[in-house]
Amino acid sequence: MAKISNLTASTTLKDTDVIVVNDYVTAGNYTTKKMTVLSLKASLGLPSRYFYATITQTSTNAPVMTVIKNTLGYVPTFLYDNVGSYSMLFDESLNSTDWLILNGGDKYSYVNSVRLSGGGVKIETFDGSTKADGKLLDMSIKIEYYG
């Protein structure tokens with residue numbers, strides 16, 4: 001059996017990969033344990049899946065995303081619903097106990113996001129108190145799964 005210090009380092013891991021850890025007990029005495037990457041994420045309070053993107057919307061078009069990082073296994077889609085109203089659709093339900101959704105609008109508009117039943121987020125943009133298009137200008141969105 002190879003010593004841990006002689007193993008090749010890996011820079012990419014999957015949630016199902018196993019990590020071997022040595023715990024120091026006393027001088028010269030170690031215990032060896034193993035855990036999956038997913039277990040390590042959970043013990044550190046990290047999301048098991050996530051989606052980070054910026055969103056821009058112009059004219060009467062559906063918003064367009066620039067994906068920064070995505071481990072969902074699919075890319076959500078956008079629909080243009082009406083002036084200042086857009087739906088971001090997912091392949092799964094985003095219940096409030098397991099999913100965290102954060103968004104940040106630009107400094108000139110008000111952005112509201114509401115979780116939809118059945119797997120989606122409604123995003124609305126305003127100019128003052130009136131719904132308006134063209135207000136999403138590289139808005140960031142962060143969606144994380146902790147289930």
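Index from 1, following the sequence.
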Worksheet item: Between Asp133 and Thr58, does a side chain to side chain contact (heavy atoms under 4.5 Å, CB included) hold up when you go through it step by step?
Response: CA-CA 7 Å; Asp133 288 331; Thr58 59; over 6 Å; no
Table please: side-chain donor-acceptor pairs of residues 34-41 below 3.5 Å, with sequence neighbours left out.
{"from": "Thr36", "atom 1": "OG1", "to": "Ser39", "atom 2": "N", "distance (Å)": "3.0"}
{"from": "Thr36", "atom 1": "OG1", "to": "Ser39", "atom 2": "OG", "distance (Å)": "2.9"}
{"from": "Lys41", "atom 1": "NZ", "to": "Asp15", "atom 2": "OD1", "distance (Å)": "2.7"}

Response to the item:
Heavy-atom nearest pair, Gly134 first then Gln57, reads N-OE1, 2.6 Å
Worksheet item: Do Thr97 and Asn95 have side-chain N/O donor and acceptor atoms under 3.5 Å apart?
Response: yes
Discussion item. Once salt bridge (charged side-chain N to carboxylate O under 4.0 Å, His left out) is applied, what residue pairs with a partner in residues 53-67 remain, sequence neighbours excluded?
Written reply: none
Worksheet item: Does the side chain of Phe51 come within less than 4.5 Å of Val67's, by heavy atoms?
Response: yes
Discussion item. Could you go through Met139 and Ile123, starting from their C-alpha distance and side-chain angles, then the distance that decides it, and tell me whether this counts as side chain to side chain contact (heavy atoms under 4.5 Å, CB included)?
Written reply: CA-CA 11 Å; Met139 181 194 84; Ile123 296 177; 4.2 Å; yes
Item to complete: Is it possible for you to say whether Ile141 and Leu89 belong to one hydrophobic cluster, with membership spreading through side-chain heavy-atom contacts below 4.5 Å?
Response: no
Item to complete: Please report the closest heavy-atom contact between Ala132 and Asp127, naming both atoms and the distance.
Response: CB-CB, 3.8 Å
Response to the item:
By side-chain contact (heavy atoms from CB on, under 4.5 Å), Ala42 pairs with (sequence neighbours left out) none
Worksheet item: Shared ILVMFWY cluster between Val64 and Ile68, side chains joined below 4.5 angstrom?
Response: no
Fill in: salt bridge (charged side-chain N to carboxylate O under 4.0 Å, His left out) partners for Asp138, two or more places apart
none
Fill in: Ile55 reachable from Leu100 in the ILVMFWY side-chain graph, under 4.5 Å edges
no
Practice prompt. Under the salt bridge (charged side-chain N to carboxylate O under 4.0 Å, His left out) rule, collect the residues that match up with Lys14, sequence neighbours excluded.
Written response: Asp17
Worksheet item: With sequence neighbours left out, what residues match Thr66 under side-chain hydrogen bond (donor to acceptor under 3.5 Å, both in side chains)?
Response: none
Item to complete: May I have all residue pairs that pass ring-ring contact (aromatic ring centres under 6.0 Å, His included) and include part of residues 56-94, sequence neighbours excluded?
Response: Tyr80-Tyr86
Item to complete: Report yes or no: do Leu79 and Met65 belong to one cluster of Ile/Leu/Val/Met/Phe/Trp/Tyr joined by side chain heavy-atom distances under 4.5 Å?
Response: no
Worksheet item: Once you round to the nearest 0.5 Å, how far does NZ of Lys142 lie from CG of Leu102?
Response: 6.5 Å
Fill in: Any pair counted as salt bridge (charged side-chain N to carboxylate O under 4.0 Å, His left out), so long as it reaches residues 90-99, sequence neighbours left out
Arg49-Glu92
Item to complete: Just do the side chain to side chain contact (heavy atoms under 4.5 Å, CB included) check on Thr56 and Leu136 with the steps written out, would you?
Response: CA-CA 5 Å; Thr56 298; Leu136 296 176; 5.6 Å; no
Worksheet item: Do you know which two heavy atoms are closest between Glu144 and Pro47, and how far apart they sit?
Response: CB-CB, 3.8 Å
Discussion item. Once side-chain hydrogen bond (donor to acceptor under 3.5 Å, both in side chains) is applied, do any residues pair with Lys131, and if so which ones, sequence neighbours excluded?
Written reply: Glu124
Fill in: Side chain proximity check, Met88 to Ile143, heavy atoms < 4.5 angstrom
yes
Discussion item. Per the salt bridge (charged side-chain N to carboxylate O under 4.0 Å, His left out) rule, what does the pair list look like for residues 58-82, sequence neighbours excluded?
Written reply: Asp81-Lys122
Response to the item:
Hits for side-chain contact (heavy atoms from CB on, under 4.5 Å) against Thr31, two or more places apart or cross-chain, chain-then-number order -> Asp23, Val25, Lys33
Fill in: Co-membership, hydrophobic cluster, residues Val75 and Leu94, 4.5 Å side-chain
yes
Worksheet entry | Stepwise side chain to side chain contact (heavy atoms under 4.5 Å, CB included) check, Val20 with Thr32 | CA-CA 7 Å; Val20 178; Thr32 303; 3.4 Å; yes
Worksheet item: Which residue pairs pass the ring-ring contact (aromatic ring centres under 6.0 Å, His included) test with at least one member in residues 128-147, sequence neighbours excluded?
Response: Trp99-Tyr145
